[in-house]
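The structure appears right after this line, and notes come after that.
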Amino acid sequence: MLTLQSSNRIKMPVGFWEGIRQLGIVPHDVVRKARLPLTIMNESVVSTIQYLAIWQAYSDLIDDTAKGMIKLATSFDSNHYPPTVLVAYHARDYRDALKRMARYKQLCPPESLRITEEGEDCTIDLEWSYPGQSGPPILVGITLAFLLELGRRGTGQPITAKLVEFTHAMGDVQTLEDYFGCCIQIGAKRNRLTLHRGDLDRHFTSYNLELLEILTPLLDQSLNEHQHNRSFTEMVKWMMKRSLAGGRPDIQTIASELGMSDRTLQRRLTNECTSFKHLLAQVRQDQARAYLADPSLDMKDIAFLIGYEDQNSFYRAFHLWEGDTPSNWRAKHIETN
């Protein structure tokens with residue numbers, strides 16, 4: 001639940017400090033735990049590092065991550081929603097709401113959302129903008145819980161998830177299962193919320209066309225300005241990173257997200273003296289280096305995270321990039337550092 005930011009700055013959610021106070025947590029204790037100046041509570045905008053430190057401190061002070069994240073995810077009053085969330089809350093239906101959340105999350109690093117509809121399922125993957133890094137588990141949990149909360153509030157129906165996957169422990173699993181209404185998988189390869197696809201057609205009783213007609217153009221303008229601040233090549237690489245884990249981003253998918261044909265996308269890249277194939281190799285190489293620097297990740301996981309179905313394909317590609325095996329590169333890197 002972030003709001004607009006630029007560069008390395010993030011706007012704190014309106015009512016955050018009051019919200020944790022109502023949950024019995026003293027804001028001053030959170031700030032001290034995060035080792036930040038007390039004046040940070042008067043700042044509406046903080047750095048990414050400060051933002052993550054605040055969430056981690058809140059997590060350290062609560063009795064159970066699961067209970068703390070659900071209480072906070074469900075306690076935000078819709079009157080305090082920022083514009084990026086208001087356009088989702090007042091969307092036509094659940095599908096429209098989720099698409100708006102994913103679209104305008106581009107304005108709000110450090111996390112992004114990737115939505116996939118297939119068969120009877122709708123999966124929403126939460127990914128981090130920085131290679132090899134992830135936010136505090138409680139922030140992951142609150143983000144996924146709020147996506148379900150959004151559907152419940154908008155439709156007025158007790159929507160349940162089909163499956164929720166977390167990479168890290170999230171506290172009491174039974175508490176999570178009671179809230180999400182489904183099985184919770186801990187230690188997964190991704191942070192993912194899987195919904196029943198049929199629920200996406202549910203109409204939102206909070207639908208407000210007049211408000212959407214006011215807010216959507218303003219947010220689209222902000223998004224366009226945000227994207228134009230980066231070169232087209234950088235933007236395509238960023239989108240590739242978002243959709244890399246567990247699959248190979250294809251040009252049709254990226255072009256669709258950019259609202260253009262694949263031929264136009266390739267032409268734009270050619271104008272910047274590159275190609276889709278070359279950028280994909282670059283992104284994979286960059287991500288491979290970042291993941292190899294993390295000794296907790298094994299080769300199978302790294303191969304998956306950069307979009308290879310098996311380790312052999314990853315080994316061959318890495319040798320072409322670096323002239324060495326991943327294992328040797330990792331050993332040299334760790335020794336150097």
Side-chain angles (χ1 to χ4, degrees), residues 7-8 47-49 52-53 56 106 109-114 116 123 125-137 139-140 165-169 185-192 230-251 253-254 257 265-266 269-270 272-337:
S7 183
N8 190 38
S47 72
T48 300
I49 292 175
L52 296 180
Q56 184 60 59
Q106 296 179 61
E111 73 247 33
S112 62
L113 302 173
R114 180 161 57 91
T116 305
T123 60
D125 291 285
L126 186 150
E127 298 161 346
W128 299 95
S129 304
Y130 311 110
Q133 296 185 10
S134 63
L139 183 54
V140 173
E165 301 166 70
F166 292 116
T167 58
H168 295 84
Q185 186 177 109
I186 304 296
K189 291 184 177 180
R190 61 183 71 82
N191 294 300
R192 170 182 285 181
R230 301 179 293 182
S231 72
F232 186 73
T233 295
E234 289 174 331
M235 182 165 59
V236 172
K237 288 177 70 174
W238 178 78
M239 296 178 76
M240 285 178 172
K241 289 178 183 179
R242 290 177 59 222
S243 56
L244 192 59
R248 177 173 179 169
D250 59 78
I251 192 169
T253 300
I254 300 296
E257 288 189 43
L265 170 56
Q266 189 61 67
L269 293 177
T270 300
E272 295 192 10
C273 302
T274 188
S275 68
F276 190 87
K277 183 178 180 181
H278 177 71
L279 287 185
L280 181 56
Q282 260 190 354
V283 167
R284 280 178 153 167
Q285 183 179 6
D286 292 345
Q287 297 290 85
R289 287 172 173 171
Y291 291 133
L292 284 168
D294 182 351
S296 68
L297 293 173
D298 61 33
M299 295 302 169
K300 184 177 180 181
D301 288 335
I302 295 173
F304 172 83
L305 288 169
I306 63 172
Y308 286 104
E309 295 181 357
D310 59 78
Q311 289 179 242
N312 290 335
S313 298
F314 166 49
Y315 273 58
R316 287 193 296 270
F318 192 85
H319 198 276
L320 286 174
W321 300 330
E322 304 289 344
D324 205 347
T325 66
S327 298
N328 286 343
W329 189 96
R330 168 177 270 177
K332 293 174 183 177
H333 180 86
I334 293 176
E335 287 174 4
T336 302
N337 293 283

- Message: Could you go through R330 and M299, starting from their C-alpha distance and side-chain angles, then the distance that decides it, and tell me whether this counts as side chain to side chain contact (heavy atoms under 4.5 Å, CB included)?
- Response: CA-CA 10 Å; R330 168 177 270 177; M299 295 302 169; 4.0 Å; yes
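Figure legend: cation-pi geometry between R190 and F304 absent, as NZ or CZ is not positioned both under 6.0 Å from the six-membered ring centre and within 45° of its axis.
Atoms CH2 and CG, on W238 and L279 in that order, are 15.5 Å from each other to the nearest 0.5 Å. Summarising the geometry, atom CG belonging to L126 is positioned 12.5 Å from atom CD belonging to E165; distances are rounded to the nearest 0.5 Å. For the atom pair CG of D301 and CD of Q311, the computed distance is 9.0 Å after rounding to the nearest 0.5 Å. To the nearest 0.5 Å, atoms CG (L280) and CD1 (I251) are separated by 10.5 Å. Taking CG from L244 and CD from Q287, the interatomic distance works out to 6.5 Å, rounded to the nearest 0.5 Å.
Contact record, I306 with R284: O-NE, 2.8 Å, taken as the closest heavy-atom pair. Nearest heavy-atom pair across H278 and T274 is CD2-OG1, 3.3 Å. Here the shortest heavy-atom pairing between A293 and W329 reads N-CZ3, 4.5 Å. Of all heavy-atom pairs spanning F276 and D250, the tightest one is CZ-C, 3.6 Å. Minimum heavy-atom separation, A288 to W321: CB-CZ3, 4.1 Å. For the residue pair P137 and Q56, the shortest heavy atom distance occurs at CD-OE1, 4.4 Å.
Residues forming a side chain to side chain donor-acceptor pair (under 3.5 Å) with S327 (at least two apart in sequence, or on another chain): none.
Residues F318 and T325 are not in side-chain contact: their nearest non-hydrogen atoms beyond the backbone lie 4.5 Å or more apart. Between L305 and L297 there is a side-chain heavy-atom pair separated by less than 4.5 Å. Put simply, the side chain of K237 reaches to within 4.5 Å of the side chain of D286, judged on heavy atoms.
Annotation: salt bridge (Lys or Arg N to Asp or Glu O under 4.0 Å) contacts involving residues 302-324, sequence neighbours excluded, comprise R289-E322, D324-K332.
Under a 3.5 Å cut-off, the side chain of N191 and the backbone N or O of T167 do form a donor-acceptor pair.
Counting non-hydrogen atoms of neighbouring residues, nucleotides and ligands closer than 6.0 angstrom, the NZ atom of K300 reaches no more than 12 such neighbours.
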